[in-house]
There are 2 protein chains.
Amino acid sequence: MIDFLKQNITKHISLSDKELTDFCSLFQSKIIKKKSFLLREGEICKFEGIVIKGLFRVYHIDNNGFEQVLYFAMENWWITDMDSFTNEKPSHLYIEALEDSEVLLISKQDKEFAYTNISKIEKLFRVMTQKTHIALQRRMIDNLSKTADQRYAEFIEKYPQLYQRLTNLQIAAYLGISHEFLSKIRKKIYTKK
Amino acid sequence: MIDFLKQNITKHISLSDKELTDFCSLFQSKIIKKKSFLLREGEICKFEGIVIKGLFRVYHIDNNGFEQVLYFAMENWWITDMDSFTNEKPSHLYIEALEDSEVLLISKQDKEFAYTNISKIEKLFRVMTQKTHIALQRRMIDNLSKTADQRYAEFIEKYPQLYQRLTNLQIAAYLGISHEFLSKIRKKIYTKK
DNA sequence: TTCATTTATTGAACTTGTTCAATGTTTTTG
DNA sequence: CAAAAACATTGAACAAGTTCAATAAATGAA
């Protein structure tokens with residue numbers, strides 16, 4: 001389980017065995033049942049974590065009661081509300097387990113400890129944040145320039161494993177369209193080809 | 001000019017005088033005339049920089065020839081194509097000066113030097129990248145949940161200084177709508193109130 | 001200052017996506 | 001296993017946003 005975390009970290013940067021072990025010892029395991037929440041709107045996000053098993057959706061509910069999915073996180077993905085966590089202010093997001101899940105979490109305090117006492121940890125999160133930012137920039141441009149049809153096709157192509165584990169409702173909330181319209185897109189795809 | 005950079009940095013983290021001076025000495029000034037480019041699609045982005053004077057638009061041209069603005073950058077904003085710069089691969093973006101401008105730039109090599117030799121620089125960019133990521137997450141949710149009317153109103157409210165220096169064409173490309181539709185939104189606002 | 005170019009406005013026809021309501025299908029849960 | 005709940009599909013009417021074309025206004029360069 002900790003090995004899982006170690007493997008993930010060494011994908012981003014290289015650390016000595018001691019650094020790696022010291023850092024990983026700061027994480028604690030948590031089991032989350034399907035349909036329960038790691039975070040709800042209004043709470044201050046006190047953790048950052050990595051998914052060991054299962055699947056989460058990170059979403060926002062707007063004034064009209066509609067849900068927008070900011071991202072999904074399955075095995076090997078990191079989860080937090082970066083805004084709430086870093087600025088210690090109430091979150092606008094919900095983080096919900098879509099399957100029975102397990103995560104490894106680190107508290108704000110322990111992360112600060114790691115920043116000051118394990119020299120490479122700044123680099124680790126600098127690099128990881130850059131990667132997620134680059135991915136979000138791409139998604140932003142796609143959302144500005146592409147039709148829902150294209151975005152759906154590309155979502156399936158890019159995340160085939162995710163696609164199988166999600167309902168159309170959830171995918172629609174990620175693409176920013178109604179689930180009825182997604183249903184019509186699917187019909188077009190499967191009858192035309 | 002370097003003081004400008006120093007001030008900007010100390011807004012994010014605190015550094016010793018020596019660290020600050022060492023780091024800032026790695027930057028070089030560059031003057032960019034209105035309508036000329038800091039970066040074009042296909043080039044590898046070899047710099048990261050801060051705007052001292054003037055205004056830039058960072059945009060992408062899609063397959064249909066339409067421009068999407070990823071962001072604008074005026075005085076005190078940082079500019080780069082993070083994807084191209086960090087991964088050293090051809091950019092999909094254009095960075096164009098919208099006014100006669102001046103920037104301070106650091107090369108990839110010098111930035112790497114700073115990461116390894118000036119201990120606080122990792123933190124600086126970790127913190128800065130977090131902030132831009134948080135801002136982009138907010139924009140992503142706004143784009144998914146709000147109408148063009150709302151997004152335009154909020155853009156004006158949030159960036160009044162920017163609004164005055166941009167054409168409606170450029171604002172439309174940022175909001176992800178046609179400039180004709182933006183014109184109709186503006187009419188509605190100014191006749192109704 | 002003038003001519004050319006870019007920017008902004010407007011209307012009409014069109015496309016994309018929403019909303020609502022009805023119906024069928026699948027999944028959960030007692 | 002049965003009933004309830006959640007999910008998916010479909011159609012019709014509607015709203016949001018685009019496209020194209022024409023015209024006016026503002027800006028820039030000689």
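In the text below, chain A, chain B and the rest are named by the order of the sequence lines, each starting its count at 1. From a predicted model like this one, the values you see are computed outputs, not experimental measurements.
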### Query
Are any of the side-chain nitrogens in A/Glu102 or A/Lys30 under 4.0 Å away from the carboxylate oxygens of its partner?
no

Roughly, in whole Å, what's the span from [atom1] in [X] to [atom2] in [N]?
{"X": "B/Tyr190", "N": "C/dT9", "atom1": "OH", "atom2": "C1'", "result": "14 Å"}
{"X": "A/Asn143", "N": "C/dT16", "atom1": "CG", "atom2": "C1'", "result": "15 Å"}
{"X": "B/Tyr163", "N": "C/dA8", "atom1": "OH", "atom2": "C1'", "result": "13 Å"}
{"X": "A/Asn64", "N": "C/dT19", "atom1": "CG", "atom2": "C1'", "result": "13 Å"}
{"X": "A/Ile177", "N": "C/dT16", "atom1": "CD1", "atom2": "P", "result": "13 Å"}
{"X": "B/Arg165", "N": "D/dT27", "atom1": "CZ", "atom2": "P", "result": "16 Å"}

### Message
Of the listed nucleotides (D/dG17, C/dT10, D/dT10), which one gets closest to any side-chain atom of B/Lys184?
### Response
C/dT10

### Task
Between D/dA8, C/dG17, C/dG11, spot the one nearest the side chain of A/Asn168, thanks.
D/dA8

#### Entry: Centroid-centroid under 6.0 Å between B/Phe125 and B/Trp78 rings
yes

### Query
Are the aromatic rings of B/Tyr174 and B/Phe155 close, with centres under 6.0 Å apart?
yes

### Message
Between B/Gly176 and B/Lys35, which residue's closest nucleotide on DNA chain D lies nearer the 5′ terminus?
### Response
B/Gly176

### Task
Please figure out whether B/His179 or A/Thr167 has its closest DNA chain D nucleotide nearer the 5' end.
A/Thr167

Phosphate-side-chain proximity, [X] and [N], N/O vs OP1/OP2 below 4.0 Å:
{"X": "B/Lys188", "N": "D/dG17", "answer": "no"}
{"X": "B/Lys34", "N": "C/dT6", "answer": "no"}
{"X": "A/Arg186", "N": "D/dA8", "answer": "no"}

### Message
Using heavy-atom distances to pick each residue's nearest nucleotide on DNA chain C, tell me which of B/Glu180 and B/Gln170 is more 5'.
### Response
B/Gln170

### Query
Shortest non-hydrogen contact from A/Leu105 to A/Gly49?
CD2-CA, 3.7 Å

#### Entry: Test applied, salt bridge (charged side-chain N to carboxylate O under 4.0 Å, His left out); reference residue, B/Glu99; option that passes from B/Lys33, B/Lys34, B/Arg165
B/Arg165

### Task
Would you mind classifying the nucleic acid contact of B/Ser178 as base, sugar-phosphate or nothing, using non-hydrogen atoms under 4.0 angstrom?
base

